[in-house]
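For reference, the structure discussed in these notes is given below.
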2 protein chains.
Amino acid sequence: MPTIEDVAKAAGVSASTVSYVLSGKRSISGPTRKRVEQAIADLGYRPHAGARALASSRTNVIGLMVPLRAGVDVSVVMQFVTGVVTRARGADHDVLLLTQDDTGGLERVAAGSMVDAIIVMDVEADDPRVPVLRGLRQPTVLIGLPHDPAGLSCVDLDFEAAGRLAAGHLADAGHREVALVGPPPAVLARHTSYADRVIRGWSATCSARGVAGVVEACETTPDGARRAVDAVLERAPGTTGFFVHNEQALPHVLGRLAERGLASAAGAPVVALCPTAVATAQAVPLTSIDIPGEVIGGVAVDMVLAGLDGERPAETRLLAPVLVERGGATTP
Amino acid sequence: MPTIEDVAKAAGVSASTVSYVLSGKRSISGPTRKRVEQAIADLGYRPHAGARALASSRTNVIGLMVPLRAGVDVSVVMQFVTGVVTRARGADHDVLLLTQDDTGGLERVAAGSMVDAIIVMDVEADDPRVPVLRGLRQPTVLIGLPHDPAGLSCVDLDFEAAGRLAAGHLADAGHREVALVGPPPAVLARHTSYADRVIRGWSATCSARGVAGVVEACETTPDGARRAVDAVLERAPGTTGFFVHNEQALPHVLGRLAERGLASAAGAPVVALCPTAVATAQAVPLTSIDIPGEVIGGVAVDMVLAGLDGERPAETRLLAPVLVERGGATTP
DNA sequence: ATGAAAGCGCTAACAT
DNA sequence: ATGTTAGCGCTTTCAT
């Protein structure tokens, strides 16, 4: 492997000049730049990442913690990951993947200077990683919103607003009894940030609008979806409108609603909270609120890289939910 | 951040002694080791990854290229990724994630000494990354089997044997006309390694056993599955046995088979090629051949790390497929 | 069993 | 506009 010294020699300049040509941190004359670039190309030179990190305290790597827990839809998770990787590459950064949900991993990559910045996904209300993140010297961004985000930057869809939006939409359509068919029990049990927030917004607006709004967890299996729908109709037989926040169960919930005579091939009295691609892939036209995973992942990178030069105050960014009507009978 | 020098000072030894305590590359007296370990703990010392990489030419990072292409089931992909990350951490390595399907990314991380080794997923028969990989100085393992693997190590399920196994199983059960409902057209069009191999094995055994075996691509949507089943029955109306190699379409294929009277709630004349978890999540009991993604990912790590010390000959490892019968009517 | 010292390849003052 | 030089923090000979 050629070193910067080899390039310098070949171009008839000093190593620092090569370094500056690469970084653009000082002006270089046209001819010199040409010769250096030529030498780099001729030798196929690539700076040694470790040497660079040692000298500059910059790795150009972002750590991404993606816990793969029970009940999460990996295809949705991967949308966030894709957004992170794509945006990171656009900013000349690579991504180190952490999947184990341990605080040790965070400390290892941070204290070991393996990464310049850290993005954490699948945040819980009372996440044990939060205090650890506060102690790191690298900038950090959470995708999600813990109970106490003090001192930490966060970005996410405004899931609470999404809950309100869905409840409001169903109420507007004239429903007096509605139900949230939510994530799997495991997701609820650990108080996953987004799940809690959806329920909060949903319940608040249901109360405010004077509609009865039950909440039912839902396993991702066909059978789980059937049980959830049946449980709702057992508890609140007058339920006419549904809000589904569960990508994997969604088709089966729709199927069961059809079986119970609450939906038809023409449409269902349902608002879904899921990636648009999931909504449009259903057998019936479906009104939905998008979860823009790629966008959020990209914003997370922007935020965390902004924190790289110059301390900046923690900031929470919640993207406004957008409801798109897609025909379907949403009136009772 | 404390350095190795700080630790040495605190323990009253030289930096090299600290280094040797950490690496275990030479014997250290009991008391010295104790003092050093104490100092490390007291100071919360972590070696600087870049400095270490510079001095030792080892990064303890594995590059993992996971192209997220159209038609692949991300949840299956993530099983492989999980296997890689888990096994890598077990061997004290981290994973750098590359999702863009460019050869440039490989060269960047390899030539820049960001990684010790590289694992590549979603290999095509005539993959443009293959020649690039041959030129890298890092050991490489492909998950999948390109047309010409000369000089490269590969690991995968033996998909060709899986194709043979499925065809043989259906033939044994008495089917005379059978059909492979395969991956989406996009996957087939780019000659994804596993897809081609399944078809090869399937067709070979169908011929050998004298059964008619058609092959039909299948979109992942409910409608796509319906069309695929209908197309099969149009081309070969006497078809009684099916081999489904498409996780996402699987439930819809089963549904359509039931609609067409070829399957019942008790079972279907189907062999599925998919992760066992996918097979058992279906509404009917389903005979299947497992795709052990986590295992394969783990083996890939073992192989690639084995290549780290001492050149070793390229090796191709194909895991034997295992068919598990789960009731269901597989007889015609 | 331990220490001293020479790099590893790069960046960023500090020169001129 | 360019060159010189002193590290960055670690590993690993070479000594003893």
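Chain identifiers are assigned alphabetically (A, B, ...) following the order of the sequence lines, protein sequences preceding nucleic acid strands; residue numbering begins at 1 within each chain.
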query: NA contact type, B:Arg33, heavy-atom cut-off 4.0 Å: base, sugar-phosphate, or nothing?
result: nothing
message: At 4.0 Å (heavy atoms only), tell me whether B:Ser23 reaches a base, stays on the sugar-phosphate, or touches nothing.
response: nothing
message: What contact category does B:Ser56 fall into here, base, sugar-phosphate, or nothing, at under 4.0 angstrom with non-hydrogen atoms?
response: sugar-phosphate
- prompt: Between A:Leu133 and A:Val120, is any pair of side-chain heavy atoms under 4.5 Å apart?
  reply: yes
- prompt: Is the distance from OP1 or OP2 of C:dC10 to the nearest side-chain N or O of A:Tyr45 less than 4.0 Å?
  reply: yes
task: Indicate whether OP1 or OP2 belonging to C:dT2 is found under 4.0 Å from a side-chain N or O atom of B:Thr32.
output: yes
- prompt: What nucleotide among C:dC8, C:dG3, C:dA1 has an atom nearest to a side-chain atom of B:Thr17?
  reply: C:dG3
query: Any salt bridge between B:Arg197 and B:Asp156, counting N to O under 4.0 Å?
result: yes
- line: Taking every heavy atom of A:Ala117 against every heavy atom of A:Leu308, the minimum-distance pair comes out as CB-CD1, 4.3 Å
task: For B:Gly12, answer base if it contacts any base atom (sugar-phosphate contacts may also be present), sugar-phosphate if it contacts only those atoms, and nothing otherwise; contact means non-hydrogen atoms under 4.0 Å.
output: sugar-phosphate
task: Would you mind classifying the nucleic acid contact of A:Ser16 as base, sugar-phosphate or nothing, using non-hydrogen atoms under 4.0 angstrom?
output: base
message: Can you tell whether the side chains of B:Glu37 and B:Arg33 come within less than 4.0 Å, N to carboxylate O?
response: yes
- prompt: Of B:Arg26 and B:Gly50, whose closest DNA chain D nucleotide lies nearer the 5' terminus?
  reply: B:Gly50
